[in-house]
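See below for the structure under consideration.
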Amino acid sequence: MSYQQIYRQSIDQPEEFWRDKARALPWYKFPQTILGKDGNGIDRWFVDGEMNTAYMALDHHVENGRADQLALIYDSPVTDTKKRFTYRELRDQVARMAGMIGAQGVSKGDRVIIYMPMIPEAVIAMLACARIGAIHSVVFGGFAANELAVRIDDAEPRLVLSASCGIEIGRVVAYKPLLDEAVEIAEFKPQTCIILQRPQAEASIIEGRDKDWYDTLAKAEPTGCVLVNAADPLYILYTSGTTGKPKGVVRDNGGHAVVMSYSMNAMYGIHPGEVFWAASDVGWVVGHSYIVYAPLLYGCTTILYEGKPIMTPDAGAFWRVASEYEARAIFAAPTAFRAIKKVDPDGRFVSKYDIGCIRTIFMAGERLDPPTYEWATEKIGKPVVDHWWQTETGWVIAGNLQGIEKMTMKPGSATMPTPGFDIHILGEDGGVLAANEHGYITLKLPMPPGCLPTIWGDHPRFIEGYLRRFPGYYVSGDGGYVDDDGYVFVMGRIDDVINVAGHRLSTGEMEEIVGKHSAVAECAVFGVPDELKGEVPLGLALLKDGVDIDSDALGEELKQLVRSEIGPIACYDRTLIVKRLPKTRSGKILRRVLRQIAAGEEYTVPSTIDDPASLDEIEETLKEAGILS
Ligand code: COA
Ligand code: AMP
């Protein structure tokens, strides 16, 4: 069938479509109700299905001929370590770790925070939670203690799993002091923390609360899979919203398993038994979906890579790993390829390895700019596929669906909507816009399986943030258009969220931090284009009357403040002092216009502006700072 036929079927007959896809999985009890509503009136898939995600991802394969096939390959250039796990070995280790977690009093529905680097135990811990029906919440290692504390307070975990350190280029990041500080700051105090001691750093142990990973594991008995309902949560993953408080995206078990399995072939053109490599981090949604769950649910081998695209040890890292393990696909953020391009513009490292195994390069996480697309296509010599998705959906919303129909690429476009996603571009008044008109990218309800049904502990925020603005539609937060051929162009966020090196961050949160500084009366933080990271935050600060501070000194203090509250990944490096900020007559800072000016884009002076001359001043300041030419 053609893409168009499959897509139409998914929109016109969603229940038949997804019932059919659900059959690919080994349910304990196949769902009778394919699409229903929950108590909040939200669409839910497969609600009466009974299952266990870890059973589907591991035990089922062990019982059906994949016991000796590799499930997980760990490759860590930063520690010079390589390990391989067959499906049987991974199942056994997950079963024992599930026993260890259960022995801490964790049971179905309890939360477990996993604050760990890219080591196999992180993956094993996630699957072990799934095995006993506990809800995991993985926190990315680049976050500071405060961010971890916010997540602890929101998720209220019965248990925290962590390690002594992560390893960045040329430095060891000690996790334990960050964990201790987070528990100190948090109001909710986890009873138990289990700490994995890595040889690169020794963590101090707090008696009565902390336990040693290996000692505790050694005493644990393997445990079986607990039956869960399809609508029960599998995990909570926090993502940046427009305020300082991150949103706990809830993922269910059933819908998630179905779309993970379906997408492996539909989107990525992968077959069971093949090796798939998502060069992301388990702290992000890409890591959850395509390092851990999807490849295993589909019977593939997945790669866990503890390294960077460059400097570990060189710009050939991606090609070395792909060729060594015969990966069929590499999936990474455009930033990773821009980093490689900067070091190896001629692609000399590509030719040092035999990458004949690779069929396709996939990119997502931020806009794939046409120059990076063209460089990668030419130098790697493989089809480069852009695809658009979000933490909220957990899988691709629009892409060039390699297992359905390979379509002509249009640089700058994520190609066509994925089956199940009914994309509409809406204008300010909620009307559907014509082809090529820019507007809000929305998804007509119901969304397909896998997408979030709520925000953890805050359903009103889910309604307010996504569903209230245009009744009947989910507002993605991205702006863009669909062209005459139906290609989707995602042009960027229309809210206070930015993407720095493929990491999603809230400028609103940064503003809250900058605004707390005793010298700052008012501030605006927004994204400015960056050659390597796509965009980076820039702060404009208006000082309090009478304050006399050197701009470099203030800039450094604010940099350190954001670093200590959000973490180094915020990449907040620069603040410019301004005399006034452009505002509407009602006092709202014109952030969008600021962003457009800094990007050198055309902009319309809003009729509601209070003082148009303030825009000229900003332009002047940006020119003096070398941000605008
Ligand atoms: N733990 C602790 N610190 C981390 C971290 C982690 N897991 N990940 C990043 N950091 C730190 C970095 O060490 C750096 O600290 P520094 O300011 O002290 O040098 C800071 O956060 C910024 O990191 P990053 O933006 O990643 O910049 P970088 O210069 O270290 O690396 C790239 C540049 C391009 C190599 C890197 O950004 C990259 O690999 N990007 C791909 C992104 C990606 O895969 N995203 C996943 C979404 S699909
Ligand atoms: P995250 O939730 O961290 O995955 O970030 C999701 C956001 O990243 C989206 O809302 C987009 O703004 C951006 N994004 C992800 N993939 C793409 C893409 N292929 N093209 C453009 N923007 C993208």
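Just follow the structure's listing: the first ligand is 1, and inside any ligand the first atom is 1. All heavy atoms count here, side chains included; hydrogens, waters and symmetry mates do not.
- Electrostatic pairing of E565 and K559 does not count as a salt bridge here, judged by no charged N lying under 4.0 Å from a carboxylate O.
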Close N/O pairs between ligand 1 and protein, under 3.5 Å:
| unit_1 | atom_1 | unit_2 | atom_2 | d |
| --- | --- | --- | --- | --- |
| ligand 1 | 1 (N) | G141 | O | 3.4 |
| ligand 1 | 1 (N) | G142 | N | 3.4 |
| ligand 1 | 10 (N) | E168 | OE1 | 3.2 |
| ligand 1 | 13 (O) | E168 | OE1 | 2.7 |
| ligand 1 | 13 (O) | R171 | NH2 | 2.8 |
| ligand 1 | 15 (O) | R171 | NH2 | 3.0 |
| ligand 1 | 17 (O) | R563 | NH1 | 3.0 |
| ligand 1 | 18 (O) | R171 | NH2 | 3.3 |
| ligand 1 | 18 (O) | R563 | NH2 | 2.7 |
| ligand 1 | 21 (O) | I569 | N | 3.4 |
| ligand 1 | 25 (O) | K533 | NZ | 3.1 |
| ligand 1 | 27 (O) | K533 | NZ | 3.0 |

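- Counting heavy atoms closer than 4.0 Å to ligand 2, residue R493 contributes side-chain atoms (C-beta onward) but none from N, CA, C or O.
- Ring pair F318/W277 is perpendicular by interplanar angle, where above 60° counts as perpendicular and below 30° as parallel.
- At least one N or O atom of G365, backbone or side chain, sits closer than 3.5 Å to an N or O atom of ligand 2.
- In this structure, Y474 has its ring center at least 6.0 angstrom away from the ring center of H424.
- Of the polar atoms of E392, none of the N or O atoms is found under 3.5 Å from an N or O of ligand 2, judged by distance alone.
- Considering F362, F337, Y373 as possible partners of V384, the one that fulfils the side chain to side chain contact (heavy atoms under 4.5 Å, CB included) test is Y373.
- Taking V183 as the reference, I152, L179, K189, P190, R209 meet the side chain to side chain contact (heavy atoms under 4.5 Å, CB included) condition, with sequence neighbours excluded.
- For residues 161-175, the set of pairs meeting the side-chain hydrogen bond (donor to acceptor under 3.5 Å, both in side chains) definition, not counting sequence neighbours, comprises E168-K308.
- By the side-chain hydrogen bond (donor to acceptor under 3.5 Å, both in side chains) test, E184 pairs with no residue at all, sequence neighbours left out.
- Of all non-hydrogen atoms in D369 and T372, the two that sit nearest each other are OD2-OG1, 2.6 Å.
- Distances from ligand 2 to the non-hydrogen atoms of A414 include no value under 4.0 Å.
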